[in-house]
J.: 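Structure provided below as structure tokens; questions to follow.
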Amino acid sequence: MWKILSGAFLGWSLGANDSANIFGTGVATGTVNYRTAVWLTAAFLMAGALLEGPKCMEVLNDLSSLLPLHAFFCALAAALTMTAMTALAVPASSSHAVVGAIVGVGLVSGSADLSPLIKIVTCWVLTPICGLVFGYLLLRALTFLFNRTHMSLTRRNRIYFLGILIAGCYGAYTLGSNNVANVTGVYVGSGLLTPRSASLIGGLAIALGVLTFSRRVMMTVGRGIAPLDPFTAFVTVLAGALSLHLFTQVGIPVSSSQAIVGAVVGVGLVGDVRTVSPRILVKIGLGWIVTPVSAGLLAWLFVVFLSGPWWFS
Amino acid sequence: MFLKKLIGHEDREKEVIRDMDSHLRLLQDGCKAFHEAIERNDHARMRRVKELEREADTIRRDIVSHIYEGAFLPYLRPELSKFVELVDQVFDLLEYASACYLEIRFPDSLRSEAARVAFLNQEMCGMLRLTLQATTAGEDLREKRLAIRIYEKRIDDLKFGLMHDAKAIPVEDFWEGKTLSDFLSRLSSVSDVIEDASDHLGIISSIIK
């Protein structure tokens, strides 16, 4: 059972990194305080992991037949890559890291089946596009609705507060349901865990990461990407969450960072405003390429150099 | 704190809005007292402006502390505070002008024009209060802000006439002349700050939409 420790480490790293996409804008705009945000994220994330988590596990197991030790290496390589990205304050994708690691291990062991990669990569490409479309349409629709509804300042203030809160909780739920597969999905294929126990352990690990180490990236995402007002912050999180939920139903773990960045761009398109600074986009883009490649390389190195020694047998 | 915010029925926000309205009502009363005091050369009425300023100061402190204790989204807080500070600035101008008035023998040749400016300031305050009410009710502000700009333009026209007439008054004592000049300068600045406050309401309205 010690082999699931790397998955728990990855979950912790994912929680620290990706929770920024949920309440980052809410915390940065001061709408929700950091402590409330992390507790809400942890709770709804667990709910998502337990209720819909197993949906995305199958596709990861189709990529390669993993031995329990290889599953350990995959999660460890992905976790180390994610931790490095977090330390550099780059919103990285755990889905990319895990898939990169599985492919890396699969290539060494000769069990890699690259055919599901087409579906996976297509979904990865579609994630920011989906976020963009949802962001654009939601902002248009809600602006239309709000402009035709007569509301007092206090009522509007309350609606924005509740909107950010509800969208954040929904975002946490979808993060748990989509990304728990990245954390412990590899152990289901290797026979170490059942989908239910994998969801529980993965969810707990992510929640721990949210509670202990998420502040820095949360501020990077919230303050660095765009100067959002409460209304657009709410729409952005909702659009990102909808995209993530959509891909959970398709059964593909995708990047919540990509979904949110797409949503931010979509929101910016409505007002013809440049919402994303090019420097941050380059930083994120670099993380998207570097993440799967380094995770794959690291996993490959682990299998080649560490599979033999007696302490792993 | 969070649960209070979640289940509370906008109480804190409503209290801030009530206080902001009271703050403006006091300003309106202050402008009215100031106008009547000039018109009737009533020093007791002019002293009332200072009392109203003190009352308004207490309300201003309450509003700002309520805002920073968590009323409204943080995004709106600095803007609401700035509006309150602008209203307070109007009070300061009014208080200083009233102090100047009490120090000098006000020339009768300037009285009617000064009273006219003070009256328009009073009307502008009333309109600013209506603009605040429209902002909090989520209504359109265009007409009200336009009315404030028109008042400001009329005061501007009067201001230059007042300065011109003031130059014809013989000044025998430096401090008498300086105090009169300060009075006129503060009197004519009130409308500028009211206009700024009205513009700020426009900003608040755009932010929340």
Side-chain angles (χ1 to χ4, degrees), chain A residues 23-44 139-140 142-169 219 222-223 226-237 270-271 273, chain B residues 1-21 23-24 63 66-84 128-142 144 198 200-209:
Chain A
F23 276 113
T25 46
V27 171
T29 56
T31 309
V32 188
N33 70 46
Y34 176 74
R35 219 172 58 163
T36 308
V38 291
W39 279 106
L40 283 175
T41 306
F44 280 88
L139 190 67
R140 276 244 182 261
L142 289 173
T143 307
F144 178 82
L145 197 72
F146 274 44
N147 284 346
R148 268 148 196 80
T149 317
H150 187 79
M151 265 187 285
S152 69
L153 186 73
T154 51
R155 181 56 48 87
R156 223 173 249 273
N157 179 74
R158 186 160 178 78
I159 285 178
Y160 291 166
F161 169 69
L162 289 176
I164 287 176
L165 209 64
I166 292 166
C169 292
M219 289 304 166
R223 287 190 182 141
L228 296 172
D229 57 71
F231 180 56
T232 46
F234 148 67
V235 172
T236 304
V237 176
V270 177
V273 181
Chain B
M1 173 92 168
F2 173 72
L3 280 177
K4 224 173 168 181
K5 204 170 167 182
L6 191 66
I7 54 178
H9 292 283
E10 308 154 11
D11 295 340
R12 217 195 304 236
E13 283 79 11
K14 280 180 182 161
E15 198 178 336
V16 167
I17 288 186
R18 253 196 318 271
D19 282 350
M20 283 169 82
D21 188 59
H23 198 211
L24 272 179
I63 297 171
H66 280 134
I67 286 174
Y68 283 96
E69 274 163 17
F72 289 101
L73 291 172
Y75 205 80
L76 267 178
R77 288 177 201 161
E79 308 304 332
L80 291 169
S81 300
K82 191 173 175 197
F83 173 76
V84 175
L128 184 65
R129 196 171 163 207
L130 288 178
T131 313
L132 174 72
Q133 285 162 1
T135 307
T136 55
E139 289 165 7
D140 191 56
L141 307 182
R142 264 174 299 186
K144 290 171 183 71
S198 139
H200 211 73
L201 285 178
I203 293 170
I204 292 169
S205 175
S206 325
I207 286 174
I208 202 71
K209 279 181 180 167

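The sequence lines fix the lettering, A, B, ..., with proteins before strands; numbering per chain opens at 1. Nothing here was measured: the structure is a model prediction, and the numbers come from that model. Only heavy atoms go into these numbers, but all of them, side chains included; no hydrogens, no water, no symmetry mates.
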J.: Would you compute the distance between atom CG of L76(B) and atom OH of Y160(A) and round it to the nearest 0.5 angstrom?
T.: 9.5 Å
J.: Is R35(A) in contact with chain B via its backbone, its side chain, both, or neither, using a 4.5 Å heavy-atom distance?
T.: neither
J.: One pair to check against side chain to side chain contact (heavy atoms under 4.5 Å, CB included): R158(A) and E13(B). What are the steps and the verdict?
T.: CA-CA 9 Å; R158(A) 186 160 178 78; E13(B) 283 79 11; over 6 Å; no
J.: Which heavy-atom pair separates I17(B) from L153(A) by the least distance, and what is that distance?
T.: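 Looking at all heavy atoms of both residues, the closest pair is CD1-CD2, 3.9 Å.
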J.: Has N157(A) got a side-chain atom pairing as donor or acceptor with L73(B)'s backbone, closer than 3.5 angstrom?
T.: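 Checked: pair present.
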J.: How about F231(A): does its CZ atom have over 12 heavy atoms from other parts shown lying under 6.0 Å from it?
T.: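 Above 12, so yes.
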